[in-house]
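Side chains included, hydrogens not; waters and symmetry mates left out as well; all remaining heavy atoms used.
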Amino acid sequence: MAVKFRPEELKELIRDAAEGEKFPLAKLITELEKPNSFEFRKLLFDTLEKSDFSGNSSLTVGLTGTPGAGKSSLLGEFSTEFLKRFPEKKMAVVAVDPSSHISGGSFLGDRTRLSLPTREKRIYFRSQPSQLELGGVNPYTYHVIRLLRCFFDFVFVETVGIGQNEIEVSKLADLSFLVMVPLGGDQIQFMKSGIMEVPDAFILNKCDEEALAKASYHTLTHTLEFLRDLSPGGSVPPVFMTSVKTKRGISDLLEYIVSEKPGDKREEETLLQIRKWVKNEYGNFGTRILSEIRFPKNANYETCETLAETEIGKRFKDGSAIRTE
């Protein structure tokens with residue numbers, strides 16, 4: 001596919017996006033979300049790198065949880081508090097909404113729960129349909145996050161309501177939260193869910209009624225004690241009690257997030273996403289070949305993608321399995 005923007009036009013869009021202009025940023029993201037966006041992605045991230053936009057200092061925060069846990073409302077309240085408390089910081093939100101199995105469309109209802117100032121340049125909100133992908137994010141969420149990291153201090157990713165083992169957002173985030181509600185289950189239900197070991201912290205949301213909130217808090221913390229031996233260093237993830245209605249715990253949660261630092265595993269993240277892409281495109285055949293490839297150190301996603309596709313194509317006698325765009 002031919003690149004839509006000329007180099008100078010692309011640089012201008014990047015400059016405007018860096019200054020907080022929403023429309024240029026939206027144009028860049030729209031191109032990234034297209035299925036045949038490889039050539040554009042390659043040009044975009046090469047240009048960003050040459051312009052010293054690395055995104056390495058940005059913190060990516062993932063929020064996942066069951067449907068109805070109040071993730072969107074909590075994020076809206078959190079965003080308002082963030083803008084008040086940290087006038088020198090910028091944040092972006094990527095909200096993934098479920099897609100219909102019948103029409104393929106998405107309601108994008110997360111927009112209705114976030115009341116944000118439209119002209120505020122320090123915050124950017126983007127909705128995405130899940131496109132029926134498992135794991136809570138869609139195939140292009142990763143590339144959108146990569147772009148937003150270049151312009152914002154914090155990038156929040158809110159996934160669709162998950163089931164018992166969909167934890168994809170934790171692989172994209174420096175800090176991941178599992179949002180739960182009081183009376184969401186007993187200890188056995190918590191432990192069998194398969195996602196208790198994954199989050200860096202837990203949020204017990206909708207703590208409007210004190211007795212119910214405390215009962216669930218103690219149940220959750222006692223459950224986490226059983227998992228202490230599985231945690232690195234034997235530590236137990238913190239549990240935050242929050243309420244959008246009473247503003248309970250919002251400030252403490254904000255302080256915790258702002259105090260965290262970005263991780264140093266972006267190279268591992270890139271290779272993980274490459275493996276996911278190869279698995280989707282070429283199945284187990286591609287995965288076996290991928291294990292034999294040695295990627296250049298600190299190479300970006302597009303470089304790794306090109307190398308993987310070339311090596312996989314060589315294994316087919318006629319080369320017909322090489323993806324074309």
Practice item. Quick one: sort the Phe45 and His143 rings into parallel, tilted or perpendicular, breaks at 30° and 60°. Key: tilted
Check your understanding: Hey, any chance Leu272 and Leu290 share a hydrophobic cluster, counting ILVMFWY side chains that come within less than 4.5 Å of each other, even indirectly?
Key -> no
Point to revise | Those residues that, when tested against Ser58, pass side chain to side chain contact (heavy atoms under 4.5 Å, CB included) (two or more places apart) | key: Arg149, Val155
Point to revise | Centroid separation Phe151 to Phe53 less than 6.0 Å | key: yes
Point to revise | Residue pairs fulfilling ring-ring contact (aromatic ring centres under 6.0 Å, His included) with at least one residue in residues 253-276, sequence neighbours excluded | key: Phe240-Tyr256
Practice item. Find the distance between NZ (Lys121) and CD (Glu19) and round it off to the nearest 0.5 Å. Key: 7.0 Å
Point to revise | same_hphob_cluster(Val258, Leu74) at 4.5 Å side-chain heavy-atom cutoff | key: yes
Review point. Between Asn300, Asn298, Asp174, which is the residue that forms a side chain to side chain donor-acceptor pair (under 3.5 Å) with Arg266?
Key: Asp174
Point to revise | Reported OG-to-CD1 distance for the pair Ser79 and Ile250, which is rounded to 0.5 angstrom | key: 10.0 Å
**Study point:** Pair listing, salt bridge (charged side-chain N to carboxylate O under 4.0 Å, His left out) test, anchored in residues 286-303, at least two apart
**Key:** Arg41-Glu302, Arg146-Glu302, Glu267-Lys297, Glu292-Arg315
Review point. Rounded to the nearest 0.5 Å, how far does NZ of Lys34 lie from CG of Leu32?
Key: 10.5 Å
Point to revise | From CG (Leu204) to OH (Tyr217), nearest 0.5 Å | key: 9.5 Å
Check your understanding: Is a salt bridge present between Lys276 and Glu281, judged by a nitrogen-to-oxygen distance below 4.0 Å?
Key -> no
Practice item. Before accepting this row, confirm whether a basic side-chain N of the pair Glu12/Arg6 lies closer than 4.0 Å to the acidic partner's carboxylate O. Key: no
